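Written out below as structure tokens is the structure these notes cover.
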Amino acid sequence: QVPLVESGGGLVQAGGSLRLSCVASGRTFSSFAMGWFRQAPGKEREFLATINWSGGSTYYSDSVKDRFTISRDNAKNTVYMQMNTLKPEDTAVYYCAASRGPSLRRYEYEYEYWGQGTQVTVSS
């Protein structure tokens with residue numbers, strides 16, 4: 001098991017920024033690819049971004065590239081999502097996920113471990 005705990009969500013006005021954090025337990029964090037997803041009410045969970053084990057490679061969905069940035073600090077067992085220029089349609093529960101193996105992971109089924117989620121609400 002790899003417990004994941006997200007934090008950093010909250011209420012922000014449109015155009016504002018938030019930084020989400022996800023802390024993983026265990027000593028093998030650097031061997032995992034990490035990802036961020038979100039799920040809005042009544043919608044399916046949506047892939048946002050992924051980062052490889054070293055942080056040297058990233059990949060984003062079209063809906064958030066140029067606004068969101070994923071990064072990681074393996075010394076702190078933490079992955080981050082910096083979210084800028086937030087829009088009301090970004091309102092959702094945001095989840096981090098971990099996948100065994102070093103490479104980028106784009107699909108939900110590729111992730112073995114999930115956090116409990118953190119709510120992000122963007123007001124207009």
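All values below were derived from every heavy atom in this structure, side-chain atoms included, with hydrogens, water molecules and symmetry-related copies excluded. No experiment lies behind these values; they were computed from the predicted model shown.
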(request) Work out which heavy atom in L4 is nearest to a heavy atom in A24; give both atom names and the distance. (result) CD2-CB, 3.5 Å
(request) Provide the closest heavy-atom pair for A14 versus S124 in the form atom of the first, atom of the second, distance. (result) CB-CA, 4.3 Å
(message) Quick check: closest heavy atoms across L86 and R67, and the distance to 0.1 Å?
(response) CA-NH1, 3.9 Å
(request) Work out which heavy atom in A33 is nearest to a heavy atom in S103; give both atom names and the distance. (result) CB-O, 2.8 Å
(message) If I take atom OH from residue Y113 and atom SG from residue C96, how far apart are they, to the nearest 0.5 angstrom?
(response) 13.5 Å
(request) Look up atom OG1 in T28 and atom CG in N74, then write down how far apart they are to the nearest 0.5 Å. (result) 10.5 Å
(request) Apply side chain to side chain contact (heavy atoms under 4.5 Å, CB included) to the pair V120 and M83, showing each step before the final yes or no. (result) CA-CA 10 Å; V120 172; M83 307 187 296; 3.9 Å; yes
(message) Rounded at 0.5 Å granularity, tell me how far CD in Q82 sits from CG in L20.
(response) 9.0 Å
(message) Side chains of T50 and Y111 only: does a donor on one sit below 3.5 Å from an acceptor on the other?
(response) yes
(request) Decide side chain to side chain contact (heavy atoms under 4.5 Å, CB included) for V64 and W36; before the verdict, give the C-alpha distance in whole Å, the side-chain angles of both, and the deciding distance to 0.1 Å. (result) CA-CA 11 Å; V64 302; W36 284 98; over 6 Å; no
(request) Would you give the length of the straight line joining atom OG of S30 to atom CZ of R72, rounded to the nearest 0.5 angstrom? (result) 7.0 Å
(message) When you group the ILVMFWY residues by side-chain heavy-atom contacts below 4.5 Å and let the links chain together, are I70 and F29 in the same group?
(response) yes
(message) Are V23 and M34 connected into the same hydrophobic cluster when the rule is that any two of I, L, V, M, F, W, Y join if their side-chain heavy atoms are below 4.5 Å apart?
(response) no
(request) Please report the closest heavy-atom contact between S71 and I51, naming both atoms and the distance. (result) CA-CD1, 3.6 Å
(message) Let's go through N84 and S17 carefully: what are the C-alpha distance in whole Å and the side-chain angles of both, what is the deciding distance for side-chain hydrogen bond (donor to acceptor under 3.5 Å, both in side chains) to 0.1 Å, and is it a yes or a no?
(response) CA-CA 4 Å; N84 298 328; S17 299; 3.0 Å; yes
(request) Check V122 against K87 and note the closest heavy-atom contact, atom names and distance. (result) CB-O, 3.2 Å
(message) Regarding E46 and S63, do their side chains bring together a donor and an acceptor under 3.5 Å, going by distance alone?
(response) yes
(request) Report the residue from Q119, Q39, R38, E6 that forms a side-chain hydrogen bond (donor to acceptor under 3.5 Å, both in side chains) with Y94. (result) R38
(request) For the residue pair F32 and R105, establish whether any side-chain heavy-atom pair is separated by less than 4.5 Å. (result) no
(request) Determine the interplanar angle of the F47 and F37 rings, folded into 0 to 90°, and report it as parallel if under 30°, tilted if 30 to 60°, perpendicular if over 60°. (result) perpendicular
(request) Calculate, to the nearest 0.5 Å, the distance between atoms SG and CG belonging to C22 and N77 respectively. (result) 10.0 Å
(message) Quick check: is V79 connected to V2 through a chain of hydrophobic side chains (ILVMFWY, heavy atoms under 4.5 Å apart)?
(response) yes
(request) Treat each ILVMFWY residue as a node, draw an edge where side-chain heavy atoms are under 4.5 Å apart, and state whether Y95 and Y59 are in one component. (result) yes
(request) Drop me the distance from S99's OG to E108's CD, to the nearest 0.5 angstrom. (result) 12.5 Å
